[in-house]
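Proteins come first, then strands; the chains are lettered A, B, ... in the order of their sequence lines, and each starts at number 1.
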2 protein chains.
Amino acid sequence: MTDLRSAFGKRVRELRVINGMTQETLAYRAGLDRTYLSGVERGERNVSLLNIEKIATALQVSVEYIFSGERFSVTPSYQSVDLLHHTINDSIDEGRNALTFYEGSSFDQN
Amino acid sequence: MTDLRSAFGKRVRELRVINGMTQETLAYRAGLDRTYLSGVERGERNVSLLNIEKIATALQVSVEYIFSGERFSVTPSYQSVDLLHHTINDSIDEGRNALTFYEGSSFDQN
DNA sequence: ATGTGACTGGGAGTCCGTT
DNA sequence: AAACGGACTCCCAGTCACA
């Protein structure tokens with residue numbers, strides 16, 4: 001998955017054609033502009049959550065389903081934590097603090 | 001799933017806390033602003049594809065995974081095709097045309 | 001460590017076309 | 001039916017000081 005915009009666009013086009021819809025029909029159902037949807041399918045648009053939801057609804061699929069498949073399943077390679085000057089102990093400490101913050105409870109520090 | 005922004009935000013917060021990260025570290029890894037990420041987790045930001053990808057990468061999960069789970073799996077209810085003045089035969093016809101267009105081939109009409 | 005209001009530039013999204 | 005372009009509006013990405 002080099003560019004999520006292209007991957008998303010291809011997926012939308014796939015599902016649209018499977019459903020036997022034209023861009024115009026899909027755009028109308030999603031309440032979006034025809035030219036905008038065209039750009040989405042060609043991977044030129046940086047679609048945001050609200051429109052992702054609109055498009056999924058118009059395609060009659062769940063958001064989960066629209067992002068399922070090989071295209072989106074590749075876990076991106078990630079730089080080593082060391083490179084970010086962030087140690088494992090840092091993570092553990094921050095985990096404690098975060099949990100304390102959100103749950104209003106504290107760890108036994110002894 | 002009433003609002004995809006809230007659902008996405010909750011999911012991000014879940015995965016961040018599980019990984020023992022603070023908002024600040026996650027934001028740093030994603031190359032985003034801390035206050036922006038705060039808004040994302042509270043469902044107040046309409047995150048777009050490129051930032052979804054950044055956040056997923058920083059969380060060390062795939063985009064598919066971030067959208068998996070009950071929260072995103074509900075297929076949205078959809079208005080009847082009739083309400084849209086779009087018949088089943090229309091869909092079939094459009095499907096043929098669309099396939100013809102993209103595959104450069106034609107259906108046997110007989 | 002996180003929440004929040006306010007701000008600005010740029011891009012999301014629309015509407016008009018032509019190819 | 002779809003790609004593409006220009007011009008437009010308006011919302012949001014991205015940031016700040018402060019709570």
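The CZ-P distance, from B:Phe8 to D:dA13, rounds to 11 Å in whole Å. A:Arg5 places its CZ atom 11 Å from the P atom of C:dG11, with the value rounded to the nearest Å. For B:Leu26 and C:dA1, the CG to P distance is 14 Å, given to the nearest whole Å.
Scored by the salt bridge (charged side-chain N to carboxylate O under 4.0 Å, His left out) test, B:Arg5 finds B:Asp3 as partners (sequence neighbours excluded). Listed by chain and number, the residues in a ring pair (Phe, Tyr, Trp, His ring centres under 6.0 Å) with B:Phe67 are A:Phe67, B:Phe8, B:Phe72 (sequence neighbours excluded). By the side chain to side chain donor-acceptor pair (under 3.5 Å) test, B:Ser6 is found to be paired with no residue, residues two or more places apart in sequence or in another chain being considered. For B:Tyr65, there are no side chain to side chain donor-acceptor pair (under 3.5 Å) partners two or more places apart in sequence or in a different chain. Annotation: side chain to side chain contact (heavy atoms under 4.5 Å, CB included) contacts of B:Glu44 (sequence neighbours excluded): B:Arg42.
One finds a salt bridge joining A:Arg16 and A:Glu41 here, because a Lys/Arg side-chain nitrogen approaches an Asp/Glu carboxylate oxygen to under 4.0 Å.
Listed pair A:Arg13 / D:dA2 fails the phosphate criterion, with no side-chain N or O lying under 4.0 Å from OP1 or OP2. Here A:Arg16 does not reach the OP1 or OP2 of D:dA1: none of its side-chain N or O atoms lies under 4.0 Å away. For A:Ser38, a side-chain nitrogen or oxygen approaches OP1 or OP2 of D:dA3 to under 4.0 Å.
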Between protein and nucleotides 14-19 of chain D, what N or O pairs are separated by less than 3.5 Å?
| unit_1 | atom_1 | unit_2 | atom_2 | d |
| --- | --- | --- | --- | --- |
| D:dG14 | OP2 | B:Asn51 | OD1 | 3.3 |
| D:dG14 | OP2 | B:Asn51 | ND2 | 2.7 |
| D:dG14 | N7 | B:Arg45 | NH1 | 3.3 |
| D:dG14 | N7 | B:Arg45 | NH2 | 3.3 |
| D:dG14 | O6 | B:Arg45 | NH2 | 3.1 |
| D:dT15 | O4 | B:Arg45 | NH2 | 3.4 |
| D:dC16 | N4 | B:Thr35 | OG1 | 3.0 |

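Residue-to-nucleotide proximity on DNA chain C shows that, of B:Arg42 and B:Asn46, the 5′-proximal contact is made by B:Arg42.
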